[in-house]
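I have placed the structure first, in the form of structure tokens, so that the comments after it can refer back to it.
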Amino acid sequence: MKPAIDRNVELFERASRVIPGGVNSPVRAFKAVGGTPRFVTRAQGAYFWDANGQRYTDYIGSWGPMILGHGHPAVVEAVRKAILEGFSFGAPTEREIELAEEIIKHVPSLEMVRLVSSGTEAAMSAIRLARGATGRNKIIKFEGCYHGHADALLLKAGSGLATFGNPTSAGVPPEVVQHTMVLEFNHIAQLEEAFALHGQDLACLMIEPIAGNMNFVRASVAFMQRARELCTQYGALLVFDEVMTGMRVALGSAQSVYAKSIPGFEPDMTVMGKVIGGGMPLAAFGGKRAVMEHLAPMGSVYQAGTLSGNPVATACGLATLREISRPGFYDALGTKTRTLVSGLQSAADAAGVPFCGDSEGGMFGFFLMDKLPQNYATVMTTDNKRFNTFFHGMLENGVYFAPALYEAGFMSAAHTEADINHTVDAATKVFRLLA
Ligand SMILES: *Cc1c(COP(=O)(O)O)cnc(C)c1O
């Protein structure tokens, strides 16, 4: 039952007067799916409540960070304690060392990390460092991969390999993206051609190994192996953007998943965020000592931040990492995620609705199509209208999936079997509308 006065609508109107589009990050708006965004008043465990008091099972988890669910007691306690000790000092703390040590312990390719406040900042700084360390300018990224909103990374594919990209956002001068090449995800021949043409000038190749910003698309093992070989051969750095996948798909992150299929596999640098901050503004980039020592104050690549390694954020991240590094954590999380995806598959099958899904650890994606797409262009062939019907149908039933078909979904440790059953039951009803 909708209340007589819809507080979400009221708040959205009020927000729209003082905040562009009524939101502080575009994906929170319901522009893709239509309707009014839900304004969250509080969250606990696997749920959040909107301004009408309506409860939702939360499958976005702040877009990934809330791997323990909301308000985990150990994390709340760590944050409470940290707040009493001080919000920010602008001088180093032991907690920053502890968090750096903890991250490095779980991700073997990392020897050093620098803590920052957002994934955007981490990816932007990683590119600068890769350029500074190699003395080269050109970079490769892939269509459908998102690496935050730094100018050099905001672009779509150019018309050809030699022409480089065009900005996707107004306000980015073409000169700023002239060194960025955008290639098709999972296209080995194109990758080889790009290296043959520009390999000597390439500072780095940046990739989301399991792309979560075009729903859920894995880089194939063959593609990843070839990318690794080419980077090594040409002296370019392989940079994994694991802001989303880092400690979300496995404790060792997506690189540990690829290392299972490609013996000895490691990226040269890794960008992290989301889970490592446990919901606080915290991100990191890291790699081998020889590369990281190019950073100021040791080296000549400048990078800084007033709130970097913030004491409250690091406390939150550390408490989160302690919980997720308990034995069996990812087995349980992965099982739940697979149960959800296979439950949705059965519900769709029963209704005769084309559907396919995939997951790794606590991250998943699903498509209203028969076969998992391998690149962005195929993801974008999804019928928007059908997705929107599905999204709003689920929302009506108290299930909050990402309000756009090109976003991944996230399971938390707080989701129960009953939550998953409720979600699948709701989907069974909603798929009938799509049959
Ligand atoms: C979320 C995300 C970012 C950007 O992180 P922010 O903290 O939003 O700036 C970068 N890369 C990937 C893969 C992400 O998912």
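Scope of the values below: all heavy atoms of this structure, side chains included, with no hydrogens, waters or symmetry mates. Numbers here simply count residues along the sequence, with the first being 1. Note that ligands are numbered from 1 as they come in the structure, with each ligand's atoms numbered from 1 the same way. Here the structure is a predicted model, which is why all the values come from computation and not from measurement.
- Side-chain contact between E184 and Y376: absent, with no pair of heavy atoms (C-beta onward) separated by less than 4.5 Å.
- The only option from F401, F366, F410 that meets the ring pair (Phe, Tyr, Trp, His ring centres under 6.0 Å) definition with Y59 turns out to be F401.
- Within the 4.0 Å cut-off (strictly below), a protein heavy atom is located near atom 9 (O) of ligand 1.
- At the shortest separation from atom 4 (C) of ligand 1 among protein heavy atoms lies T120 N, 3.7 Å.
- Residue E242 places no heavy atom under 4.0 Å from ligand 1.
- Each of V271, L153, V243 was checked for a side-chain contact (heavy atoms from CB on, under 4.5 Å) with H147, and the lone residue meeting it is L153.
- Listed by atom number, the atoms of ligand 1 under 4.0 Å from D241 heavy atoms are 10 (C), 11 (N), 12 (C), 13 (C).
- Looking at heavy atoms from C-beta onward, N213 lies in side-chain contact with E208 at the 4.5 angstrom threshold.
- The pair R42-D50 fails the salt-bridge criterion, with no side-chain N (NZ, NE, NH1 or NH2) lying under 4.0 Å from an Asp/Glu carboxylate O.
- Close contacts of ligand 1 with K274, meaning ligand atoms under 4.0 Å from a residue heavy atom, involve 1 (C), 2 (C), 3 (C), 14 (C), 15 (O).
- On a distance-only criterion, G119 and ligand 1 share at least one N/O pair closer than 3.5 Å.
- The residues E96 and R114 are annotated as not salt-bridged, no charged nitrogen and carboxylate oxygen being separated by less than 4.0 angstrom.
- Contacts with ligand 1 closer than 4.0 Å are made by no heavy atom of V271, backbone or side chain.
- Note that R55 lies in the cation-pi zone of Y47, set by a 6.0 Å cut-off to the ring centre and a 45° limit from the axis.
- Between E121 and ligand 1, a contact under 3.5 Å exists for no N or O pair.
- Atoms of ligand 1 found under 4.0 Å from any heavy atom of S118, numbered from 1 in the order shown, are 7 (O), 9 (O).
- Proximity to N213 (heavy-atom distance under 4.0 Å) selects the following atoms of ligand 1: 12 (C), 13 (C), 14 (C), 15 (O).
- The protein non-hydrogen atom at the shortest distance from atom 3 (C) of ligand 1 is V243 CG1, 3.7 Å.
- When non-hydrogen atoms are compared, ligand 1 lies under 4.0 Å from the backbone of H147 (N, CA, C, O) but not from its side chain.
- Classification of R218 and E360 as a salt-bridged pair holds, one side-chain N sitting under 4.0 Å from a carboxylate O.
- Near E208, meaning under 4.0 Å from one of its heavy atoms, ligand 1 places the atoms 13 (C).
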